[in-house]
Amino acid sequence: MSLGYDIAKVRNIGIAAHIDAGKTTVTERILYFTGRVHRVGEVDDGEATMDWMPQERERGITITAAATTAEWKGHWINVIDTPGHVDFTAEVERCLRVVDGMVALFCAVGGVQPQSETVWRQAEKYRVPRIAFVNKMDRTGADFWGVVREMREELGARAVPVVIPIGAEEAFAGLVDLVRMEAIYYREGGSGMTIEAGPVPANLAEEAQAARDALLERAAEEDDGLLAKYLAGEEPEAGEVIRALRRATVAGRIIPVLAGSAFRNKGVRRLLDAVVDFLPSPADLPPAAGTWDGATVERAPTDDAPLAALAFKVQADRHVGKLTYLRVYSGALRSGEFVLNASRGCRQRVGRLFQMHADHRQPVDELRAGEVGAAVGLNETFTGDTLSAAASPVVLAPIEFPAPVIDLAVAPLRRAEGDRLARGLADLAAEDPTFIVRPNPETGDIVISGMGELHLEIIVDRLRREFGAEVTTGQPQVAYRETVTGTVEHEGKLVKQTGGHGQYAHVVLRVEPAPAGAGFEFESRVVGGRVPREYVPAVERGIVEAMAAGPYAQFPVVDVRVFLLDGSAHEVDSSEQAFRTCAAATFREACRRAGMQLLEPVMEAEITVPEADLGAVMGSMASRRGRIVALEPRGRLQVVHAEVPLATMFGYTTELRNITSGRGDFTMRFARYEAVPHALAEEIVAQRRGVGVAARLA
């Protein structure tokens with residue numbers, strides 16, 4: 001760093017929003033105006049600095065979170081640009097876990113969209129202070145106040161504008177700064193590179209004064225001196241207002257709202273000012289909290305505190321090997337030192353350290369408290385692991401990721417490529433916690449699971465390009481589940497004599513449905529030691545193993561409650577293995593007797609279409625077993641809110657393009673699991689059993 005390191009002048013921020021709200025475009029302008037790059041890269045041209053993967057540049061979307069560092073007015077800003085597509089929501093999750101503040105982008109036309117709500121909820125979960133930027137004010141249909149209203153109504157945000165736009169659509173010319181009560185105009189032929197300050201336009205004077213009064217009211221709630229001035233009718237200084245708004249923002253009591261058009265270079269410098277003015281430094285936040293030996297441990301964000309760093313991303317890099325992205329919360333991480341992976345209980349030597357600029361690496365000797373960087377050499381460290389000082393260990397809260405909802409069978413195109421495929425799958429699974437790889441013992445295929453069709457499409461493309469593994473793929477398979485519908489008690493025994501010690505186990509299980517989303521619950525109600533205490537965990541493990549492939553259609557069993565009621569053991573022939581085997585068989589038979597049903601993932605879909613195509617889209621939804629939940633007019637468009645089974649949505653992107661002549665758009669996110677209609681469930685089960693029989697005969 002060219003500046004003396006001062007943690008109070010560090011900002012770790014994430015930029016998150018719905019797809020196509022302009023996150024990468026905003027980040028590119030931040031890099032340009034801070035002097036980090038000398039030429040603006042455009043997403044549409046496939047030249048965005050932060051979209052460095054070939055798949056990102058070809059599709060014009062962000063797939064993986066990219067980090068960079070920029071300098072603005074004496075402050076260091078570590079920026080993480082995140083994807084907007086729902087298939088890559090895990091990238092947002094991992095980044096919001098480690099940033100100190102977030103810039104939430106909203107399209108001035110689209111407003112609060114489905115993924116806007118998702119990232120907002122993620123930020124709420126991690127209590128990340130936020131500012132909002134209403135982008136694309138130059139677009140037809142732009143409505144700044146409409147977006148502010150949606151933020152308040154749909155997100156429950158205390159959204160407080162600190163600027164208001166001068167004009168909209170083609171007439172968008174600048175901003176009114178409500179803190180300083182001055183107009184900012186962007187000149188130079190509409191490119192927005194030159195700024196001119198002036199008085200507030202007469203036609204906006206009343207609106208600007210009302211917005212400023214609302215802003216000062218919020219600020220006065222944070223500062224008694226400011227409140228006294230406000231009540232006395234005195235004009236407060238800009239610095240006083242900014243300090244009060246900063247306190248409220250850091251505490252999560254308000255969301256400052258800005259506006260602009262990043263593509264036209266308008267409003268981005270004011271956004272950078274807001275990042276510095278309103279969002280917290282690591283020193284403004286409470287100490288990082290973790291645990292060790294059951295006790296809560298805190299780490300202050302200082303260099304002389306014991307080391308505590310969280311690995312939030314792992315990336316396979318062809319040049320340096322495994323690259324581990326880290327956020328240092330306390331202490332300093334130095335190249336060549338040994339540290340403790342407290343999550344896994346192993347010591348590791350830190351190799352080289354880097355500050356990242358997208359896919360470019362700048363070597364550094366150390367990463368200090370509050371910094372974000374990357375390391376090589378941490379081969380036993382994975383996403384969510386904590387690195388700490390061996391003499392003062394701590395495990396920070398891990399990162400929670402959603403479960404994958406779609407499966408795909410893959411196989412090497414040629415037998416010789418099997419090793420490359422295995423290596424590629426292992427590296428990609430280490431990178432992405434929402435990408436799961438498992439063998440299918442019935443078909444002999446490798447089954448990969450992910451968050452959606454696009455997610456798996458990118459995985460397959462990366463296998464081909466980065467690992468040289470050409471693969472064939474089967475039809476995507478939905479991640480069905482199965483559950484019990486009734487309650488039953490069942491007794492099971494395992495008695496085997498094979499000479500010498502035999503096997504003996506006896507259990508009585510009660511199986512019943514659990515509430516939706518409850519997962520698995522187990523309780524022992526054995527009295528008098530009829531099943532010895534040391535064998536009870538073996539009973540539970542046997543049930544869990546049996547749940548991995550249910551008796552109905554070999555899908556995982558969920559939402560079931562099991563009670564161990566009774567049983568018996570033999571002094572010589574009983575063992576943990578015997579009770580595991582007996583419990584698994586007894587559980588399967590109890591499920592069959594209780595009755596079972598198939599569950600399928602149901603998605604919340606939001607489809608934006610021209611009004612003329614609304615009828616055709618609703619008909620298409622009905623044909624896919626979709627339920628229309630609501631219709632919402634949005635300018636010249638209609639937004640269809642629907643709930644639809646994931647199994648019916650394969651290929652919907654192509655159909656929607658055909659129906660709407662390319663003008664329609666849709667997003668999906670997982671809602672819940674629901675029962676599959678009985679007739680359809682029987683078809684799925686029959687097909688599943690037929691595949692298993694064919695595989696065994698082959």
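Numbers here are sequence positions counted from 1.
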V685 and A553 have their tightest heavy-atom pair at CG2-CB, 3.7 Å

CZ/R481 to CG/L599 distance, rounded to the nearest 0.5 angstrom?
9.0 Å

Give the intermediate values and the outcome of side chain to side chain contact (heavy atoms under 4.5 Å, CB included) for residues V162 and L258.
CA-CA 6 Å; V162 293; L258 297 101; 3.7 Å; yes

Are the side chains of V257 and F144 in contact, using a 4.5 Å heavy-atom criterion?
yes

Side chain to side chain donor-acceptor pair (under 3.5 Å) between W145 and E207, worked out:
CA-CA 11 Å; W145 288 109; E207 178 184 331; 2.7 Å; yes

Verify salt bridge (Lys or Arg N to Asp or Glu O under 4.0 Å) between R627 and E674, making sure each step is shown before the conclusion.
CA-CA 13 Å; R627 298 187 296 271; E674 281 188 5; 3.1 Å; yes

Less than 4.5 Å apart, side chain to side chain, heavy atoms only: is that true for Y652 and I607?
yes

Polar side-chain atom of R561 near backbone of G519 as donor-acceptor pair, under 3.5 Å
no

Is the NZ or CZ atom of R269 both under 6.0 Å from the centre of the six-membered ring of F33 and within 45° of that ring's axis?
yes

Is the side chain of Q638 donor-acceptor paired with the backbone N or O of L631 at a distance under 3.5 Å, no angle test?
no

Going through the distances and angles, do I13 and M102 end up as a side chain to side chain contact (heavy atoms under 4.5 Å, CB included)?
CA-CA 5 Å; I13 67 168; M102 182 178 97; over 6 Å; no

Is there a donor-acceptor contact under 3.5 Å from the side chain of Y186 to the main chain of G267?
yes

Quick one: does Q122's side chain get under 4.5 Å of R97's, heavy atoms only?
no

If you apply the rule side chain to side chain contact (heavy atoms under 4.5 Å, CB included), what do you find for V617 with L656, and how did you get there?
CA-CA 7 Å; V617 167; L656 183 62; 4.0 Å; yes

Does the side chain of E169 come within less than 4.5 Å of D138's, by heavy atoms?
no

State plainly whether the residues E222 and R253 are in salt-bridge range, i.e. N to O under 4.0 Å.
yes

With a 6.0 Å cut-off (strictly less than), is the heavy-atom count around CD of E521, excluding the residue itself, greater than 12?
yes

Step by step, work out the salt bridge (Lys or Arg N to Asp or Glu O under 4.0 Å) result for R462 and E431.
CA-CA 12 Å; R462 291 187 64 189; E431 278 188 23; 3.0 Å; yes

Apply side chain to side chain donor-acceptor pair (under 3.5 Å) to Y126 and E93, showing your working.
CA-CA 9 Å; Y126 295 115; E93 188 83 28; 2.8 Å; yes

Quick check: does any side chain N or O of R29 sit under 3.5 Å from a backbone N or O of V268, one acting as donor and the other as acceptor?
no

For E632, is the CD atom crowded, meaning more than 12 foreign heavy atoms sit under 6.0 Å from it?
yes

Under 3.5 Å donor-acceptor, S261 side chain and K136 backbone:
no

State whether the side chain of R127 and the backbone N or O of K125 hold a donor-acceptor pair below 3.5 Å, judged by distance alone.
no

Looking only at atom types and distance, does a side-chain atom of R11 sit under 3.5 Å from a main-chain N or O of L279, one as donor and one as acceptor?
yes

Can E643 and R672 be counted as an ion pair, charged N to O under 4.0 angstrom?
yes

Can you name the closest pair of heavy atoms from V557 and M596 and give their distance?
CG2-CE, 4.3 Å

For the residue pair V250 and F278, what are the closest heavy atoms and their distance?
CG2-O, 3.8 Å

Between atom CG of D613 and atom CD1 of I659, what is the distance when rounded to the nearest 0.5 Å?
8.0 Å

For E606, which of V629, V640, V639 qualifies under side-chain contact (heavy atoms from CB on, under 4.5 Å)?
V639

Quick one: do R158 and E221 make a salt bridge, cutoff under 4.0 Å?
yes

E150 side chain reached by S116 side chain, heavy atoms, under 4.5 Å
no

Heavy-atom pair with the smallest gap, counting every atom of V644 and A605:
CG1-CB, 4.1 Å

Name the orientation class of the two ring planes belonging to H455 and F435 (parallel below 30°, tilted from 30 to 60°, perpendicular beyond 60°).
perpendicular

Given 3.5 Å as the limit, does a donor-acceptor pair link the side chain of S620 with the main chain of A616, or not?
no

Can you confirm whether Y673 sits close enough to V558 that some side-chain heavy atom of one is under 4.5 Å from a side-chain heavy atom of the other?
no

As an exercise, state the distance from CG of N135 to CG of L271, rounded to the nearest 0.5 Å.
9.5 Å

When rounded to the nearest 0.5 angstrom, what is the spacing between CG in L680 and CD1 in I684?
4.0 Å

Beyond-backbone contact of D100 with V128, side-chain heavy atoms, under 4.5 angstrom:
no

Would you compute the distance between atom NZ of K23 and atom CD1 of I15 and round it to the nearest 0.5 angstrom?
9.5 Å

Test item: R246 side-chain N/O and D277 main-chain N/O as donor-acceptor pair under 3.5 Å:
yes

Of all the heavy-atom pairs spanning M547 and V560, show the shortest one and how long it is.
CE-CG1, 3.9 Å

Would you say R212's side chain and V179's backbone share a donor-acceptor pair under 3.5 angstrom?
yes

To the nearest 0.5 Å, how far apart are CG in D559 and CD in E482?
12.0 Å

Step by step, work out the side chain to side chain donor-acceptor pair (under 3.5 Å) result for R130 and T249.
CA-CA 7 Å; R130 278 144 281 167; T249 305; over 6 Å; no

Shortest non-hydrogen contact from G111 toward V147
CA-CG2, 3.9 Å

Side chains of T473 and V410 in contact at under 4.5 Å (non-hydrogen atoms)
yes

Between I628 and M621, does the side chain to side chain contact (heavy atoms under 4.5 Å, CB included) criterion hold? Intermediate values first, please.
CA-CA 8 Å; I628 307 301; M621 273 288 103; 3.9 Å; yes

